[in-house]
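What follows is a single structure, written as structure tokens, with notes after it.
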There are 2 protein chains.
Amino acid sequence: MSRTSNGKSRASGRVTLAAVAAHAGVATMTASRAISQPELVSSLLRERVEKAVEELGYVPNRAARALASSKSNVIVVLVPSLSNAVFTAVLAGIQDALDPYGYQILIGNTRYSDAEEEKLLNVYMQSNPDGILLSGLSHSKGVEKTLATSRVPVVSMMDISTDPDRVSVGFSQIQAGYQMTRYLLDKGYQRIGFMGAQLDERTIKRQEGYRMAMAEAGKLDPTLEMMVPDPSTIALGAELVERMHATMPGLDAIFCCNDDLAHGAIFQCQRRGIVVPQQLAICGFNDLPASALMHPSCTTIATPRYKVGFEAATLLQTLIRGEAPEQQHIDLGFTVMARESA
Amino acid sequence: MSRTSNGKSRASGRVTLAAVAAHAGVATMTASRAISQPELVSSLLRERVEKAVEELGYVPNRAARALASSKSNVIVVLVPSLSNAVFTAVLAGIQDALDPYGYQILIGNTRYSDAEEEKLLNVYMQSNPDGILLSGLSHSKGVEKTLATSRVPVVSMMDISTDPDRVSVGFSQIQAGYQMTRYLLDKGYQRIGFMGAQLDERTIKRQEGYRMAMAEAGKLDPTLEMMVPDPSTIALGAELVERMHATMPGLDAIFCCNDDLAHGAIFQCQRRGIVVPQQLAICGFNDLPASALMHPSCTTIATPRYKVGFEAATLLQTLIRGEAPEQQHIDLGFTVMARESA
DNA sequence: CTGAAAGCGCTTACAG
DNA sequence: CTGAAAGCGCTTACAG
């Protein structure tokens, strides 16, 4: 009806709340409430507003709402990889936990780089997020500073911290590395190698657990460790098992820091006629879907990645509401999956 | 300096552009320009503004910028899955193409549901996106309507359309299904089955290509098709190969609609002692990393998924700038990867 | 339960 | 090259 259009308007052309209100014959304020807090509006006016919304095809402007309310309803999630099935499962858990609450999730892929993480965080801070989910416990000084000055609630995922100033959801990467190695030792393997790639925080901690167990058994031998900075892939696992087999005499088992490497190692052994586990035992970490089904099936550690995402997002909401969490650090544990390959 | 703080302020507490300007002794407008279009500001003032930004730790408010400029710098991407490596590769391509231009990417996971896609799109429209990237060519009426009325540039990914009102980047799913089947026929296989899951648009089109080739060869037989709506997984491939082998007499090859199913089928054959490809040939679709490395290696179709994302995002930017694209439909092709399993 | 006014933090459109 | 004014489309904080 009352379409004000003087040539020099800056209006976007979209239907505004004011237009809806005019159409419904109420004040803008009433239209706003009818949409956001309908229980505060009489059913008569509420229905008129709803009808106007429908007829005009009104779409709320999120930027305007965020600016006026200084609540963005945005949650930032930073993960090291999107191609790694572990983190897509974490994301699924986050989405399922947040879905009913109308948050907009901003996903940042740090590509395992602290510098990239810092860059992404700084960009995402422009969106004034209500909360932040981070992967891992160790971050750049810049990230620590940004988080400290912004006072936005943060939950760390994948590992568990003991820091009273932090909130974390995950499991002990060191303990998991330790238990996998103990499993191999208990099975009687003598010369157990460690295959690590990417060299991110989690790889290093699993290696630390491996070393603890090996030292405890009096079998620690640094020449049995193969650590490379390349991204973890099946192809790399195939290549490294070849190198380890050739250069580490007497090697009878390999603890691969994740399942991709382990699968590649198993495939390569099949191709080369090395019988797994009789000639060489192989185990991995994460329990990806193929691990249970490949032949031989892959011994590994099952990790609660979906649950990590779900619980972390749930905990973050508690913090956003300003409530104190029941637990600041939630240990979701892990399970050794004994299968055919080791 | 001039900190105005009367008790009833609605200010967020964050450092504003106005504060930066005051600190630098310039007008807000000048501070704005020094940040967004520095070439329009004298170096003297520009440096004073930069210093103020640094000293105050200014973080721009993206909502305010979006509202004032009615440019969101947001690009919406809707994919059917985040756990499927195909779409994470597409996303990587999109991110690499968009990264230099400061867009914020809003990723929506439709979970292979048209209804979910419609819901997500409606929510994301509130962010007033500059452009939209969609997966596939077929969408709900609601989605079509929203896109038509909003007039936001859209590029469809994964398949190629011929519709002059659309813009698309991908390859012909039908042709790829046809060529894979022709490959099997040329190899001499007689009774070639089709294993399809999820029953999404792409599965259906690959099946269509399979049927074309089989009919052409006079070998089309509907009893050789196994179609189930469940999500495609390795476990499902293992289960379905078992059913097909048991119920389809004389079956000598299976075209699985994707690599997950094919890998599961190959693993299961190994477990059951069915020799691949001598007793049963298996091929897949997409060329996931494991396909080249597993034993036997998996014959499949290599798809340009990273490139689809990259080119689609590049094309979208052309549309956003209001330019006419050189080509409205970009066919990136595909490659039959002949390996050991078929 | 309803509404008029002011303001969120920026940029546009002018003017000089 | 610089700046004062107005406005983007909502919500907050009041008042009635």
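Proteins come first, then strands; the chains are lettered A, B, ... in the order of their sequence lines, and each starts at number 1. Worth saying up front: this structure is predicted, and the values here are computed from it rather than measured.
Between A:R62 atom CZ and C:dC10 atom P the separation is 19 Å, expressed in whole Å. The interatomic distance linking B:Q37 (CD) with D:dC1 (P) rounds to 12 Å, in whole Å. Summarising the geometry, the separation between CZ on B:R65 and C1' on C:dT12 is reported as 14 Å, rounded to the nearest angstrom. One interatomic measurement links the two molecules: NZ of A:K71 to P of D:dT11, which rounds to 13 Å at whole-angstrom precision. Distance A:L67 CG to C:dC8 P: 9 Å, rounded to the nearest Å. Rounded to an integer number of Å, the gap from A:N73 CG to D:dC10 C1' is 14 Å. Going from atom CG of A:N61 over to atom P of C:dG9 covers 17 Å, rounded to whole Å. A:L40 places its CG atom 12 Å from the P atom of D:dT12, with the value rounded to the nearest Å.
Listed pair A:S36 / D:dT11 meets the phosphate criterion, a side-chain N or O lying under 4.0 Å from OP1 or OP2.
Among the atoms of the strands shown, base atoms are found under 4.0 Å from some heavy atom of B:A64. When heavy atoms are screened at a 4.0 angstrom cut-off, A:R14 is found touching no nucleic acid atom at all. As judged by a 4.0 angstrom heavy-atom cut-off over every strand, B:S70 is placed among residues making no nucleic acid contact. Residue B:T16 is classed as a sugar-phosphate contact, given heavy-atom separations below 4.0 Å to backbone atoms only.
A donor atom on one side chain and an acceptor atom on the other are found under 3.5 Å apart for A:N128 and B:R14.
In this structure, the side chain of A:S161 does not engage the main chain of A:R166 through any donor-acceptor pair within 3.5 Å. Between the side chain of B:T110 and the backbone N or O of B:E116, no donor-acceptor pair lies under 3.5 Å.
Using a 4.5 Å heavy-atom cutoff, the side chains of A:V20 and A:V15 are in contact. Between A:D200 and A:P80, every side-chain heavy-atom pair lies at or beyond the 4.5 Å cut-off.
Figure legend. D:dG3 is base-paired to C:dC14; pairs are counted as Watson-Crick or G-U wobble with both atom distances under 3.5 Å.
Of all nucleotides listed (D:dG9, C:dT2, D:dG3), C:dT2 comes nearest to the side chain of A:T30. With D:dT2, C:dT2, C:dT11 as the choices, the nucleotide that has an atom nearest any side-chain atom of B:S42 turns out to be D:dT2. In this structure, the nucleotide among D:dT11, C:dT12, C:dT2 sitting nearest to the side chain of B:M29 is C:dT12.
Nearest-nucleotide mapping onto DNA chain C: of B:R33 and B:Y58, the residue sitting toward the 5' end is B:Y58. Judged by closest nucleotide on DNA chain D, B:G25 is the one of B:G25 and A:A18 placed further toward the 5' end.
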